[in-house]
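Along the sequence shown, the residues carry numbers beginning at 1.
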Amino acid sequence: EEEEEEQEEKEEEQEETIDFDAIDVFGAEDILNVGSNTPLFKDFEFEDWVMLSLRCELHLMVHAFRKDVDDPDRLGIRLEHLAYYYSRYFRETLNPKDYGVEDFKGIVDLVSDSIRVTADSLLQSKLDSEMETLSVFVKLTEEARRHRGLCIALGDDDAKLKLSGGAVQGQRSQHAPRKPYHQPRHKGFQQQSFGKVGQKGHHGSKGGHGFAPYGANGGKAGGKGPWKGVQQPVVSAPFAARIVAPHGRTPMVLAS
């Protein structure tokens with residue numbers, strides 16, 4: 001029996017290497033093993049993981065926003081408000097320059113296989129809100145990597161990704177433990193709030209201050225001042241993994 005097992009092990013070791021380039025990306029059933037224990041993402045470089053994260057984050061944000069707002073008059077996030085809501089959901093800054101593009105439309109174009117901008121300038125995901133597995137993001141990224149490599153081989157230098165700054169730093173730190181954010185308090189400082197506020201702001205008025213892209217009629221909680229009516233995102237797991245509460249407040253996560 002031992003000899004048979006050794007023979008089987010030798011046969012497995014001598015198994016022919018798969019033709020990885022000939023693999024049908026979207027036909028792969030297991031992204032961790034497309035043959036000979038080879039993962040579909042075996043050729044991913046640093047930039048590919050950055051783009052995979054961007055695809056997944058924008059997809060989750062678009063669907064989470066619609067669920068949180070639950071308003072038929074608000075069908076999605078407007079393109080000009082992308083940076084604001086990205087910061088609200090992920091507590092990170094989204095800067096087009098970090099992705100080598102001029103504007104937020106350029107960021108969306110980088111992941112146009114999963115996110116698009118409608119005629120009304122609303123962000124819309126091309127993927128369903130509920131999926132059995134998130135492996136589609138690996139497949140989309142691998143397909144984009146192959147296409148980009150082909151374009152570069154043909155002499156198209158514009159196909160190269162030009163990542164820098166926050167895009168790079170965000171990928172490096174996303175697996176690191178997140179520290180709760182605590183805003184230091186000092187005289188005259190008004191902490192941003194979604195509820196009732198008893199402190200005075202910078203200008204002596206009650207309530208918080210900041211950007212309220214959807215006006216005074218949105219959301220359930222508001223407080224007084226320009227923050228009145230801003231919709232506070234209410235997010236359920238698995239979004240909790242990358243979202244922290246703003247300014248040290250109660251986490252915006254509902255246990256599932």
Quick one, Arg66 with Asp71, criterion salt bridge (Lys or Arg N to Asp or Glu O under 4.0 Å). Give me CA distance, side-chain angles, the key distance, then yes/no.
CA-CA 7 Å; Arg66 293 194 63 176; Asp71 187 341; over 6 Å; no

Carefully, step by step, assess Val136 and Leu134 under the rule side-chain contact (heavy atoms from CB on, under 4.5 Å).
CA-CA 5 Å; Val136 64; Leu134 298 179; 5.7 Å; no

Decide side-chain contact (heavy atoms from CB on, under 4.5 Å) for Phe41 and Leu32; before the verdict, give the C-alpha distance in whole Å, the side-chain angles of both, and the deciding distance to 0.1 Å.
CA-CA 8 Å; Phe41 46 84; Leu32 300 179; 3.7 Å; yes

Checking Lys160 against Glu47 for the side-chain contact (heavy atoms from CB on, under 4.5 Å) test, could you report, in this order, the C-alpha distance in whole Å, the side-chain angles of both residues, the deciding distance, and whether it holds?
CA-CA 10 Å; Lys160 295 180 180 180; Glu47 59 191 13; over 6 Å; no

Side chain to side chain donor-acceptor pair (under 3.5 Å) evaluation trace for Tyr89 with Asp68
CA-CA 11 Å; Tyr89 276 96; Asp68 296 339; 2.6 Å; yes

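Looking at Lys126, its side chain does come within 3.5 Å of a backbone N or O of Ser112 through a donor-acceptor pair. Ser87 contributes no side-chain N or O that, together with a main-chain N or O of Ala83, makes up a donor-acceptor pair within less than 3.5 Å. Side chain of Asp128 to backbone of Glu130: no donor-acceptor contact under 3.5 angstrom is found.
Tracing side-chain contacts under 4.5 Å through hydrophobic residues (I, L, V, M, F, W, Y), one never reaches Leu150 starting from Met51; they form parts of separate clusters. Neither Val50 nor Ile152 shares a network with the other; the hydrophobic side chains, linked directly or stepwise wherever heavy atoms of I, L, V, M, F, W or Y lie under 4.5 Å apart, form separate groups for each. Hydrophobic clustering, with ILVMFWY side chains joined whenever heavy atoms are under 4.5 angstrom apart, groups Val111 together with Phe46.
No salt bridge links Arg145 with Glu45; every basic N to acidic carboxylate O contact stays at or beyond 4.0 Å. Contact check on Arg78 versus Asp120 returns no salt bridge, with no Lys/Arg side-chain nitrogen under 4.0 Å from an Asp/Glu carboxylate oxygen.
Across all non-hydrogen atoms, the minimal contact from Phe137 to Leu127 is CE2-CD1, 3.7 Å. Considering every non-hydrogen atom in both Val62 and Ser125, the closest pair reads CG1-N, 3.9 Å. Counting all heavy atoms, side chain and backbone alike, Gly76 lies closest to Leu122 at O-CD2, 3.6 Å. Considering every non-hydrogen atom in both Glu80 and Ser121, the closest pair reads OE1-OG, 3.7 Å. Residues Gly35 and Ile18 come closest through the heavy atom pair O-CD1, 3.5 Å. Between Ser114 and Leu140, the shortest heavy-atom distance links the atoms CB-CD1, 4.1 Å.
Of the candidates Ile77, Leu75, Leu60, Ile77 is the only one forming a side chain to side chain contact (heavy atoms under 4.5 Å, CB included) with Phe65.
Between Thr141 and Arg55, the closest side-chain pair of non-hydrogen atoms falls below 4.5 Å.
Taking the centre and axis of the six-membered ring of Tyr99, the NZ or CZ atom of Lys162 falls outside the cone set by 45° and 6.0 Å. Cation-pi geometry between Arg146 and Phe44 is not met at under 6.0 angstrom from the ring centre and within 45 degrees of the axis.
Note that the CG atom of Leu161 and the CG atom of Asp48 stand 7.5 Å from one another [nearest 0.5 Å]. Annotation: the span from Thr118 atom OG1 to Leu123 atom CG amounts to 8.0 Å, rounded to 0.5 Å. Separating the CG atom in Asn95 from the CD1 atom in Ile107 is a distance of 7.0 Å, to the nearest 0.5 Å. The distance from the OH atom of Tyr85 to the CG atom of Leu58 is 15.5 Å, given to the nearest 0.5 Å. Within the model, atoms CG of Asp30 and CG of Leu40 stand 9.5 Å from one another, a figure rounded to the nearest 0.5 Å. Taking OG1 from Thr38 and CZ from Phe20, the interatomic distance works out to 7.5 Å, rounded to the nearest 0.5 Å.
Ring-plane geometry between His59 and His63 is classed as perpendicular, the angle between the planes exceeding 60 degrees on a 0 to 90 degree scale with a lower cut at 30.
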